[in-house]
Amino acid sequence: MSSSKPESAAASAVKEYRYNPAEIEPRWQERWAAQPDLYATESASSGKPKYYVLEMLPYPSGQLHMGHVRNYSIGDALARYMWMQGHNVLHPMGWDAFGLPAENAALKNNTPPREWTLNNIAAMKRQMQRLGFSYDWRNEVTTCLPEYYRWNQWFFIRMFEKGLAYRKKSKVNWCPECATVLANEQVVNGRCWRHEETVVEQRDLEQWFLRITSYAQELLDDLEKLDGWPEKVRTMQRNWIGRSEGAEVEFAVEDAATVPEEEQSERKRGTAVLPARENAKTSGRITVFTTRIDTIFGATSIQLAPEHALVKEFAARDPKLADEVSALLEQQKKAREAGDIGEIEKHGVFTGHYAVNPFTGERLPIWVANYILADYGTGAIMSVPAHDERDYEFAKKYGLEVRVVILPRRNGEAQENGQEDAMLPFTSEESLLINSGEFNTLGCREAQQKMAAYAQEKGFGRPTVTFRLKDWGVSRQRYWGTPIPMLYCEKDGIVPVPDDQLPVLLPNNVEITQQGGSPLGKLAEFIHATCPKCGGPARRETDTMDTFVDSSWYFYRYTSAKYDKGPFDTATAAYWFPIDQYIGGVEHAILHLIYSRFWTKVMRDLGLIKNDEPVTRLFTQGMVIKNGAKMSKSKGNVVSPDDMVARYGADATRMYALFAAPPDRDLDWQEDGVAGVSRFLAKVYRFVMKHAETARSVSVADTNAGDATSQALLRKLHQTIGKITEDFAGRWHFNTCIAAIMELVNTLTAAEEEISTGKVSAGVVKTLLENLVLLLAPFAPYLAAELWEGLGQKQNLLRAPWPKYDEALAREEEMEIPVQVNGKLRAVVKIAAGADQETMREAVKSDTKVQAATRGKEIVKVIVVPGKLVNLVVK
Ligand code: ANZ
Ligand code: ZN
């Protein structure tokens, strides 16, 4: 894009049309602010199709960053487009306002979290308004206000009543920096999601959990329905939920006291499988979890997690074992903290005990190993070194037996591959069982089903489904969050706060401390309560809720943000839900987007809504980077939206955010690019304003102009309309949409002579200019509003109908091109006027007459005379 050309004779006239966003934008902002209904939704009875477009709500840190600007520019373009397409649009905004940074700020500069947060919200709201985003602020939702969080508490109690909220002592992730518990989802490679440097510790604490696992299967199944979601997000969720089918099998533990003399020496080493023994006395059992019950005849040991209950029992009687087990535990702890528990260097110790394989009666040595996790499956496995890599590694190290029980099937028969040590493929259907008694010759899949059923029939096992997904730990020992509405009574135990006493208000004057548990725990007047059941004294819960609770249902609240008889008005929510389009960062693919799907299902089961899923279409935008790195304070490469707006205007900043890259890709911020977009807008401004008088001089727009220039201009216009309309339908390549508008403007300015001299009729000029402005409206709303008015339009641009694409007008004129083969005329081919050489060549080669004339011959040369003739030289 070039800047203004050397000044011509018309210089003085051109000067009048200097684009000045610093003047235009605040003026329109003020006018818009004076119209509270501008972005209002209409009632369902409007008969218009509804469209709920939503961008993820920000955390009010105090400053918008470019990632926000990009996110909201995408959503805003879509909302404006949908309004112009005649939809009833809900386009709300709010604040994810609870969370730790407010407490940290309080510690640092002594501002109470509430004040800090509300000030930040005010500042960011100003920024959003300056950027011209089309939010209906009357639906604003601020999660740290009691009118919102009281419903978190209400939901919590409903879940408690249904057994979906419960308390248990468990190992939790503890971030020493946050001084609070983290959900599994908030631990990234063993570190805190907020503190890349901080190793997350494990602690035992009484915690509140939400039973998300009871929806695990549905959360998984319904991913199939979400075909409007990016496949990568669905895959991430699928993996996170991690369903695996398997079986539990019980191995009886042999009573060591009853073992015959002759076995004693063998037993010391614990490396061999001992044969079945009639009437072996057993006491207790070990339940193993396996996804490969088909390999059970190849099991050569049992491996227990160091924390397994039986290990504790064994160790209690065996101090040497106890020491060795603590060492294994220590190794696990280290590996977990280093974030690579999956890659732990394997160590183990034999317990001196044996367990009976229920399929064979053989006795397998029981070991304790550091690669077995206590909190997965049953914390106990059967080890099959021939078919499991980790077991293999362990067996080699300690000299345990390796037994092959599965072979690849070739020509329907087992093929010995000779190397009993080699790892064999076991997932393939092309496999069959050997050395497995009555199950020999079955394929793996079939054997898994039959053997699990057999175990169940015999009463020593069962098929199982396990999920990687764990219940959601929602307790936080922090101040700035929703108080968990529970009481502890000596007599009645855990008692929920009665509904009519909600909200449990978060006290204001609390001393924020980093250490020593929840700040609420130090407030006597908060803790002391009365038991609603017995009227006796009760202690109030001092934990607050994970802030992901807030964002799990906020978008329902937008549909009736002032409603006070429930979390939202169910009829209004039923009209708006599901969300038609949700837009946000892919970093929320798991946490927020699984929690909110769970919440929706719970609300459905509470009878509040009808939809099973909150979001029909999801779009995840790319990151904004600068000099190769994600924009962030720590990298010092942050570009401030305020600076950009001050220098180039909101329109240029927003339009650049859409123009510089396809929305799903990373965007490398280049200030030159913003300047370029700003120059383009200046060019549009000058052009439209200069010819506005002509457009205004006629009352009807004309699309039937006869002359070639008008036709060419209308064609370009409709090609642009066609492209942008199609893009809005799903592809969203706003970068190429904007490039198309730029091309259109180039075509228009190239014909300026014809337009100025009246060769192009005023009616056509009107059509061209009005449509150009309509096309710009979703991307540069301030300039579009200004030009719309400049064209004499009184109607609110947002409700002006989106241009209708006219295919006939868009169609390229065709020309007839004679095609010669070796100089002889063989065909006449129709080709779009203005086609380039490559297009002409392709069109000619695919013509059937030409193909007939060249069949069996080799085309050695294609001579193209653009717009005139094609000659093929053949041999
Ligand atoms: C025998 C076996 C044979 C196994 C074989 C695998 C292959 P997924 O698919 O991830 O669910 N396992 C079970 N509980 C474990 C624990 N607490 N710690 C470590 N490993 C554990 O993995 C299930 C498999 O992981 C189970 O199936 C078990 O090993 C192991 F050829 O049992 B398998
Ligand atoms: Zn009581």
Side-chain angles (χ1 to χ4, degrees), residues 171 213 216 220 238-251 273 286-311 328-329 331-332 335-336 340-348 355 357-360 364 366-395 400-408 420-429 431-436 439 443-445 447-448 451-452 455 461-470:
K171 277 234 161 335
T213 52
L220 181 69
R238 217 171 272 128
N239 294 340
W240 187 262
I241 296 167
R243 181 185 199 273
S244 73
E245 277 182 24
E248 282 179 6
V249 184
E250 284 160 13
F251 287 67
V273 174
I286 297 170
T287 306
V288 307
F289 166 63
T290 175
T291 46
R292 297 299 312 277
I293 192 173
D294 53 314
T295 63
I296 198 164
F297 284 77
T300 58
S301 70
I302 292 289
Q303 302 285 343
L304 302 178
E307 283 167 285
H308 194 278
L310 195 60
V311 175
L328 296 174
L329 263 176
Q331 291 153 13
Q332 277 194 340
R336 202 172 271 123
D340 60 355
I341 187 76
E343 304 299 317
I344 193 168
E345 191 189 331
K346 296 179 185 55
H347 291 289
N357 182 337
F359 276 82
T360 62
L364 311 184
I366 303 172
W367 288 62
V368 186
N370 66 359
Y371 71 101
I372 310 302
L373 310 173
D375 56 2
Y376 188 73
T378 58
I381 68 154
M382 61 176 201
S383 170
V384 186
H387 303 293
D388 180 275
E389 243 168 286
R390 290 174 307 169
D391 295 347
Y392 181 75
E393 206 186 311
F394 188 87
L400 302 180
E401 269 182 65
V402 178
R403 277 194 199 173
V404 175
V405 289
I406 288 169
L407 288 178
E420 66 115 52
D421 270 357
M423 283 291 306
L424 288 166
F426 49 78
T427 45
S428 127
E429 286 298 319
S431 53
L432 80 112
L433 268 64
I434 57 165
N435 302 329
S436 298
F439 301 98
C444 285
R445 199 63 27 97
Q448 280 163 22
M451 292 167 94
R462 65 211 62 88
T464 61
V465 173
T466 354
F467 292 94
R468 185 173 170 270
L469 184 72
K470 293 274 168 344

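Just so you know, ligand 1 is whichever comes first in the structure, and atom 1 is the first atom listed for that ligand. Atom set for the values below is all heavy atoms of this structure, side chains included, hydrogens, waters and symmetry mates excluded.
- Residue pairs meeting the salt bridge (charged side-chain N to carboxylate O under 4.0 Å, His left out) criterion with at least one partner in residues 368-384, sequence neighbours excluded, do not occur; the list is empty.
- Contact record, Ser244 with Thr291: OG-CG2, 4.0 Å, taken as the closest heavy-atom pair.
- With atom 7 (C) of ligand 1 as the reference point, the heavy atom nearest to it among Asp391, Asp388, Ile296, Thr464 is part of Asp388.
- Across the listed options Ile341, Ile381, Leu373, Val249, Ile381 owns the non-hydrogen atom lying nearest to atom 12 (N) of ligand 1.
- Listed by chain and number, the residues in a side-chain contact (heavy atoms from CB on, under 4.5 Å) with Thr360 are Phe297, Asn357, Glu362 (sequence neighbours excluded).
- If you number the atoms of ligand 1 from 1 as listed, the ones under 4.0 Å from a heavy atom of Ser244 come out as 11 (O).
- Taking the centre and axis of the six-membered ring of Tyr371, the NZ or CZ atom of Lys346 falls inside the cone set by 45° and 6.0 Å.
- For the 3.5 Å distance criterion, the side chains of Asp294 and Gln448 qualify, holding a donor opposite an acceptor.
- Of all the heavy atoms of Thr291, the ones lying under 4.0 Å from any atom of ligand 1 are found in both the backbone and the side chain.
- With contacts defined as side-chain heavy-atom distances shorter than 4.5 Å, the pair Asp388/Phe394 does not qualify.
- Near Tyr371, with a cut-off below 4.0 Å to any heavy atom, the atoms of ligand 1 are 18 (N), 19 (C).
- With rounding to the nearest 0.5 angstrom, the CG atom of Leu220 is 5.0 Å from the CD1 atom of Ile241.
- For the pair Arg390 and ligand 1, a heavy-atom separation below 4.0 Å is found.
- The contact set between ligand 1 and Thr290, taken as ligand atoms under 4.0 Å from a residue heavy atom, comprises 1 (C), 2 (C), 26 (C), 27 (O), 32 (O), 33 (B).
- Residue contacts with ligand 1 do not include Gly377, since none of its heavy atoms lies under 4.0 Å from the ligand.
- Counting only non-hydrogen atoms, the option in Leu304, Thr295, Ile372 that gets closest to atom 3 (C) of ligand 1 is Thr295.
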